[in-house]
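As the structure is a computational prediction, the values presented were derived from the model and not from experiment.
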Amino acid sequence: MAIAYRTDPGSKRHDNEDYVGSFVNKVGRTMVIVADGVTSNEGGEVASAMTVEHFGHAWESNDLETIVPTIAWLKKQTKIENDAIIKAGQRFQELSQMATTVVLAVLFDEKVVIANLGDSKAFLLHNNQLTQLSNDHILKNEIVRRGAMASADASNMVHANSVTRFLGVDEHADIEISQHDFVADDILFLTSDGITKVLDYETIKQIMRYEEPLDIKVFDMIQQANEKGAPDNVTAVLVTHEKD
């Protein structure tokens with residue numbers, strides 16, 4: 001397994017509320033994770049750092065080898081982390097509304113488990129087809145998924161892109177979990193929403209297909225996003241089956 005990641009404030013911001021990490025458990029299973037602090041709430045950078053570090057260290061201490069118990073662990077850990085963020089906010093008034101999105105991937109031999117809250121994203125490049133594996137938890141999408149409104153109408157709503165699920169503030173953190181094939185020559189891409197605001201799928205796919213090491217691809221994706229005037233923090237994680 002080869003992994004590379006990088007995070008950057010972006011071209012318009014001085015602070016970075018994104019946080020990213022890669023962790024390996026006791027039996028060699030890898031988790032990669034990106035959290036993006038909710039910028040409209042004070043303390044987003046604290047919530048995102050707590051999420052990645054706590055999830056990561058908890059993952060390093062377990063010995064899970066298979067998918068079903070991993071999914072159960074993810075649900076339990078989400079509850080634990082959500083409670084921890086809320087309790088931290090109760091201790092410090094300035095952090096009382098802090099929250100973060102999160103997207104993570106747990107890698108198995110030819111499978112990947114994806115879990116997310118909010119609009120941080122997971123993509124898979126397979127046979128030159130780039131597919132988003134996660135669902136964006138934003139107002140317009142949630143309404144369309146419930147069948148309450150057509151996509152075009154929902155997109156015209158006020159606050160259509162407001163994040164509807166996150167860690168923090170709300171006691172109910174409804175994480176969405178799915179599993180997918182992840183086979184030889186596939187490339188997994190995790191990101192906060194900063195990159196996809198300025199780079200289209202074709203550009204992202206082109207960078208992922210470069211005949212270059214993963215760390216060069218990640219650097220170039222960040223650089224191109226900044227050259228396009230990335231209005232938000234930018235984070236990229238790439239994973240392949242190649243050896244480091």
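Taking OG1 from Thr203 and CG from Leu130, the interatomic distance works out to 11.0 Å, rounded to the nearest 0.5 Å. Put simply, CG on Leu214 and CE on Met208 are 9.5 Å apart, with the number rounded to the nearest 0.5 Å. Residue Thr70 holds its OG1 atom at 8.0 Å from CE of Met31, rounded to the nearest 0.5 Å.
The local environment of CG in Asp185 is sparse, with at most 12 non-hydrogen atoms from other residues, nucleotides or ligands closer than 6.0 Å.
Within the 3.5 Å criterion, the main-chain N or O of Asp18 finds no donor-acceptor partner in the side chain of Thr235. Checking side-chain atoms of Lys111 against main-chain N and O of Asp109 turns up no donor-acceptor pair under 3.5 Å. One N or O on the side chain of Thr78 and one on the backbone of Leu74 form a donor-acceptor pair closer than 3.5 Å.
Remark: Lys121 does not engage Asp193 in a salt bridge, criterion side-chain N to carboxylate O under 4.0 Å. Asp83 and Lys87 are not joined by a salt bridge, as no carboxylate oxygen comes within less than 4.0 angstrom of a charged side-chain nitrogen.
Nearest heavy atoms, Leu167 versus Ala173: CD2-CB, 4.0 Å. Minimum heavy-atom separation, Asn116 to Ile175: O-CG1, 3.5 Å. The two residues Ala105 and Ile114 have their closest heavy-atom pair at CB-CD1, 3.7 Å. Residues Arg209 and Leu125 approach most closely at NE-CD2, 3.5 Å, considering heavy atoms.
Ring geometry, Phe123 versus Phe189: the interplanar angle falls under 30°, so the pair is classed parallel (tilted spans 30 to 60°).
With ring centers used as reference points, Phe108 lies 6.0 Å or more from Phe182.
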